[in-house]
Novice: 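One structure is given below, represented as structure tokens, and several questions about it will come after.
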Amino acid sequence: MSSTAIVSNDATALVTNDATGLGLLAVILGFVFYTNSSQHPFWVKFYRFIPALLLCYFLPSLLNSFNILDGDTSNLYFVASRYLLPACLVLLILSVDLKAILSLGPKAIVMFLTGTVGIVIGGPIALLIVSTLNPEILGVTGPDAVWRGMTTLAGSWIGGGANQAAMKEIYEAGGNIFSIMVTVDVIVANIWMAVLLFMASKAKEIDAKTGADTRAIETLKKKVEKYHAENARIASLRDLMMIVAVGFGITGLAHVIADFLGPFFEANYPWTRDYSLTSKFFWLIVTVTTIGLAMSFTPVRHLEAAGASKVASAFLYILVATIGLHMDVFKLFDPANLWYFAIGIIWMIVHAGFMLLVAKLIRAPLFYMAVGSQANVGGAASAPVVAAAFHPALAPVGVLLAVLGYAVGTYMAWVCGQILQIVAQ
């Protein structure tokens with residue numbers, strides 16, 4: 001495996017202008033979202049099996065694989081990761097309502113955190129098991145070391161795509177291992193989501209057998225409906241400009257802080273390099289996360305009612321598309337990659353087993369277990385889907401917990417990365 005890039009193009013790519021490249025990516029994203037919302041039987045059936053997120057990553061990768069765009073020479077990913085990613089995190093974390101989350105009751109928080117811990121410990125356990133069966137998987141060092149790729153999976157399964165991209169930069173995961181882990185992420189996570197949706201259809205029977213108290217769920221439905229009825233509004237131009245100001249304003253401030261702290265630790269405490277404290281990107285992400293959390297206690301958080309998270313999602317999908325430009329689809333059919341899928345499956349089994357065990361011990365309703373898990377693994381894109389499977393009014397609960405995942409994702413994925421590094425060594 002190459003430690004520098006997935007594809008090495010000898011000939012100049014067909015498109016070398018980044019503006020044209022951005023246009024192509026925008027058209028691809030528009031096509032995916034247009035067809036994903038189409039009611040045509042073909043597209044309805046197509047997206048039942050193929051996740052839209054996978055297409056947003058896969059289609060741009062074809063541009064790179066067939067030398068239409070060269071991801072290595074393009075600056076699109078750098079711009080997206082340094083400007084759009086921090087703004088995306090700020091806007092997603094801005095809507096964290098800790099009071100509302102706490103009002104869900106301690107069991108909801110316990111199940112969410114249980115899912116987080118299950119992922120943090122599940123990765124190292126999976127790596128230990130698979131490396132015992134196939135020691136060669138630890139043979140690759142440098143950017144494409146398996147543990148580095150697994151940190152990006154931890155970021156995705158605790159927070160989401162933004163946290164995944166953050167881990168890719170913080171732990172300097174190479175293109176080869178990252179592309180493999182993205183595929184593992186999508187396939188394994190969607191299988192688990194299907195299991196959760198099936199369990200949701202049997203929620204009453206399961207809760208009856210476990211003796212779970214579901215009265216809080218009914219109260220919660222009424223609170224959620226009331227909150228959205230009072231706060232949702234159509235965004236005005238002023239709202240959109242405030243969203244842009246907050247997102248990029250905090251991003252600019254975070255760059256100033258990161259440009260100081262990274263070199264400061266490098267010069268005075270070089271031993272902190274092992275903990276990513278000398279990385280400017282690490283401080284960039286930690287700064288925007290911390291400021292975003294602080295601002296969630298201010299009136300600025302009401303920008304969410306005007307669609308702050310939707311703007312953030314648009315930034316995120318552009319980032320996903322630029323990441324796809326570093327992927328070679330032909331690498332995905334290598335039989336050697338089956339071991340990486342084994343890692344993902346074992347990892348998810350540990351997470352699921354841990355959650356089911358704790359849910360049974362504290363008699364938590366299945367709703368808390370399912371949404372707590374999906375808020376970690378799937379994030380804001382799919383947690384509401386699982387929540388709505390129990391009741392449409394509960395979909396925002398999935399968003400609340402998923403946004404909490406964005407907030408803790410960077411920190412906990414970093415912790416998981418440290419453990420993975422120890423296991424690999």
Side-chain angles (χ1 to χ4, degrees), residues 81 85-98 101-102 108-124 147-173 181 185 250-251 253-254 257-258 261-262 265 269 272-297 301 312 316 347 351 354-355 372-380 383 400-423:
S81 63
L85 171 59
C88 168
L89 283 174
V90 169
L91 296 176
L92 288 173
I93 296 170
L94 197 64
S95 60
V96 169
D97 187 343
L98 293 181
I101 292 175
L102 291 174
I109 304 299
V110 167
M111 292 311 303
F112 171 81
L113 294 178
T114 296
T116 301
V117 173
I119 292 169
V120 171
I121 66 174
W147 73 268
R148 296 184 192 273
M150 291 177 68
T151 64
T152 68
L153 198 52
S156 176
W157 284 358
I158 297 176
N163 306 88
Q164 180 182 38
M167 290 304 105
K168 179 181 185 296
E169 288 298 312
I170 290 172
Y171 284 106
E172 300 178 344
M181 288 302 168
D185 175 10
I250 300 304
T251 297
L253 175 60
I257 295 173
L261 290 178
F265 276 90
Y269 307 99
T272 61
R273 186 180 297 107
D274 292 338
Y275 303 96
S276 305
L277 300 187
T278 60
S279 167
K280 289 184 180 180
F281 193 82
F282 171 81
W283 288 111
L284 173 64
I285 298 304
V286 168
T287 301
V288 296
T289 299
T290 303
I291 295 177
L293 277 174
M295 294 185 73
S296 71
F297 291 96
R301 75 181 192 82
L316 177 59
W347 196 340
H351 162 77
F354 195 40
M355 291 212 72
S373 173
Q374 197 62 24
N376 278 286
V377 177
L400 284 174
L401 287 176
V403 169
L404 180 59
Y406 284 123
V408 304
T410 299
Y411 304 115
M412 297 307 295
W414 178 81
V415 171
C416 182
Q418 296 298 311
I419 301 174
L420 286 167
Q421 186 174 9
I422 294 172
V423 171

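Note that the structure is predicted; figures quoted are calculated from it, not measured.
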Novice: Please determine whether side-chain contact (heavy atoms from CB on, under 4.5 Å) holds for the pair I158 and V408, giving the CA-CA distance in whole Å, both sets of side-chain angles, and the decisive distance to 0.1 Å.
Specialist: CA-CA 8 Å; I158 297 176; V408 304; 4.3 Å; yes
Novice: Drop me the distance from H351's NE2 to F354's CZ, to the nearest 0.5 angstrom.
Specialist: 10.5 Å
Novice: To the nearest 0.5 Å, how far apart are CE in M295 and CG in L91?
Specialist: 9.5 Å
Novice: Grab the two heavy atoms, one from T114 and one from M355, that are nearest each other, plus how far apart they are.
Specialist: CG2-CA, 4.0 Å
Novice: Could you report the tightest heavy-atom contact between M167 and W414, atom names first, then the distance?
Specialist: SD-N, 3.8 Å
Novice: Hey, is the main chain of L94 close enough, under 3.5 Å, to the side chain of R301 for a donor-acceptor pair?
Specialist: no
Novice: Rounded to the nearest 0.5 Å, what separation is found between the CD atom of E169 and the OG atom of S279?
Specialist: 8.0 Å
Novice: Once ring pair (Phe, Tyr, Trp, His ring centres under 6.0 Å) is applied, do any residues pair with F265, and if so which ones, sequence neighbours excluded?
Specialist: Y269, W283
Novice: Less than 4.5 Å apart, any side-chain heavy atom of M150 and any of M181?
Specialist: yes
Novice: Taking the side chain as every heavy atom from C-beta outward, state whether T151 and I170 have any pair of such atoms under 4.5 Å apart.
Specialist: no
Novice: Quick one, L316 with C88, criterion side-chain contact (heavy atoms from CB on, under 4.5 Å). Give me CA distance, side-chain angles, the key distance, then yes/no.
Specialist: CA-CA 6 Å; L316 177 59; C88 168; 3.9 Å; yes
Novice: Over all heavy atoms of both residues, which pair between T152 and A173 is shortest? Give the atoms and the distance, please.
Specialist: CG2-CB, 4.0 Å
Novice: Using the test side chain to side chain donor-acceptor pair (under 3.5 Å), find all partners of T116 that sit at least two apart in sequence or belong to another chain.
Specialist: N376
Novice: Show the nearest heavy-atom pair for residues A166 and L85, with the distance to one decimal.
Specialist: N-CD2, 4.1 Å
Novice: Looking at every non-hydrogen atom in both residues, tell me the closest pair between A258 and K280 and how far apart they are.
Specialist: CB-O, 3.3 Å
Novice: Find out whether W157 and M412 are in side-chain contact, i.e. whether some heavy atom of one side chain is under 4.5 Å from a heavy atom of the other.
Specialist: no
Novice: For C416 and V120, work out which heavy atoms get closest and say how close.
Specialist: SG-O, 3.5 Å
Novice: Just one of I250, L284, T287 clears the side chain to side chain contact (heavy atoms under 4.5 Å, CB included) bar with P86, so which one?
Specialist: L284
Novice: Would you say S296's side chain and L293's backbone share a donor-acceptor pair under 3.5 angstrom?
Specialist: yes
Novice: Got I285 and L89 here, is their nearest side-chain heavy-atom distance under 4.5 Å?
Specialist: yes
Novice: When you compare the side chain of L420 with that of P124, does any pair of heavy atoms fall below 4.5 Å?
Specialist: yes
Novice: Take V286 and Y411 through the side-chain contact (heavy atoms from CB on, under 4.5 Å) test and state the conclusion after the steps.
Specialist: CA-CA 8 Å; V286 168; Y411 304 115; 4.3 Å; yes
Novice: Measure the spacing between OG1 of T272 and CZ of F282 and express it to the nearest 0.5 Å.
Specialist: 9.5 Å
